[in-house]
Amino acid sequence: MERSTRTAHDRDHEPGSGLGLTGRTVRSLGGGDRLVLRLDDGLLLTVRNDFRLLRGAEVDHFYPALGVAPSGALGALSGATVTGAAVTPAGGLRLVLDTGHTLAVAPDPGPGGPVHPWQLSSPAGLLFTGGPDGGPADG
């Protein structure tokens with residue numbers, strides 16, 4: 001077993017995730033059976049899997065299958081700027097924002113869950129899918 005000696009902050013801010021989200025602003029949020037972050041340049045980050053919103057010692061759990069409202073703790077993300085984004089080795093997502101929040105999306109949906117826990121798309125189409133079988137979209 002290999003253990004990383006880097007801090008979570010360093011891992012979340014490392015370059016090379018290939019997502020191109022650092023520096024982009026969350027322009028608006030959408031809810032329902034998924035969380036949608038509308039970012040600069042028409043980018044959409046859609047989260048269909050369970051996720052956590054962390055800030056310091058506070059952790060809020062969200063379950064999109066039960067419905068998500070872009071208010072309360074999630075509402076604080078509107079207007080935030082992405083300061084780091086990392087895809088975990090298993091295909092999860094950690095998105096760090098200038099509000100001090102980290103959005104952590106689990107890589108593996110439960111039975112009957114979504115095929116891809118999260119997706120990044122642009123007006124031109126799908127860019128990246130998360131999950132164990134995810135990765136950059138074929139272009």
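We count residues from 1, following the sequence as given.
By the 4.5 Å heavy-atom criterion applied to side chains, Leu53 and Leu77 are counted as neighbours. Side chains of Asp50 and Pro64 form a contact here, defined as non-hydrogen atoms less than 4.5 Å apart. The side-chain heavy atoms of Leu29 and Arg38, taken from C-beta on, include no pair separated by under 4.5 Å. Side-chain contact between Val96 and Leu103: absent, with no pair of heavy atoms (C-beta onward) separated by less than 4.5 Å. Looking only at side-chain heavy atoms (C-beta outward), Leu74 and Leu35 come within less than 4.5 Å of each other. Inter-residue side-chain proximity for Leu44 and Leu37 is flagged as unmet; no heavy-atom pair is nearer than 4.5 Å. Here the side chains of Val26 and Leu39 are in contact, with some heavy-atom distance below 4.5 Å. Counting heavy atoms from C-beta on, the side chains of Leu120 and Thr129 never come closer than 4.5 Å.
Interatomic distance, OG1 of Thr83 versus CG of Asp98, reported as 6.5 Å (0.5 Å rounding). The distance from atom CG of Asp41 to atom OG of Ser122, rounded to the nearest 0.5 Å, is 9.5 Å. The CG atom of Leu54 sits 8.0 Å away from the NE2 atom of His61 when rounded to the nearest 0.5 Å. The CZ atom of Phe128 lies 11.5 Å from the CG atom of Leu45; values are rounded to the nearest 0.5 Å. Note that OG of Ser78 and CG of Leu97 are 11.0 Å apart. Values are rounded to the nearest 0.5 Å.
Of all heavy-atom pairs spanning Thr99 and Ala80, the tightest one is CG2-CB, 3.6 Å. Closest approach of Pro70 to Gly30, counting heavy atoms only: CG-C, 4.2 Å. Listed here is the closest heavy atom pair of Ala106 and Pro117: O-CB, 3.4 Å.
Without hydrogens or angle criteria, His101 side chain to Arg55 main chain gives no donor-acceptor distance under 3.5 Å. Side-chain atoms of Trp118 come within 3.5 Å of backbone N or O of Gly91 as a donor-acceptor pair. Not one N or O on the side chain of Asp33 forms a donor-acceptor pair closer than 3.5 Å with the backbone of Gly67.
In the hydrophobic clustering of this structure, Leu127 groups with Leu93; members are Ile, Leu, Val, Met, Phe, Trp, Tyr whose side-chain heavy atoms approach within less than 4.5 Å, directly or through other members.
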Let me see the working for Arg27 and Asp40 under side chain to side chain contact (heavy atoms under 4.5 Å, CB included), right down to the final yes or no. CA-CA 7 Å; Arg27 296 297 173 190; Asp40 291 335; 2.6 Å; yes

Given the rule in the side chain to side chain contact (heavy atoms under 4.5 Å, CB included) test, do Val47 and Arg34 qualify, once you have shown the distances and angles that lead to the verdict? CA-CA 6 Å; Val47 177; Arg34 69 198 72 180; over 6 Å; no

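Ionic pairing of Arg52 and Asp60 is not present here: no N-O contact between side-chain nitrogen and carboxylate oxygen is shorter than 4.0 angstrom.
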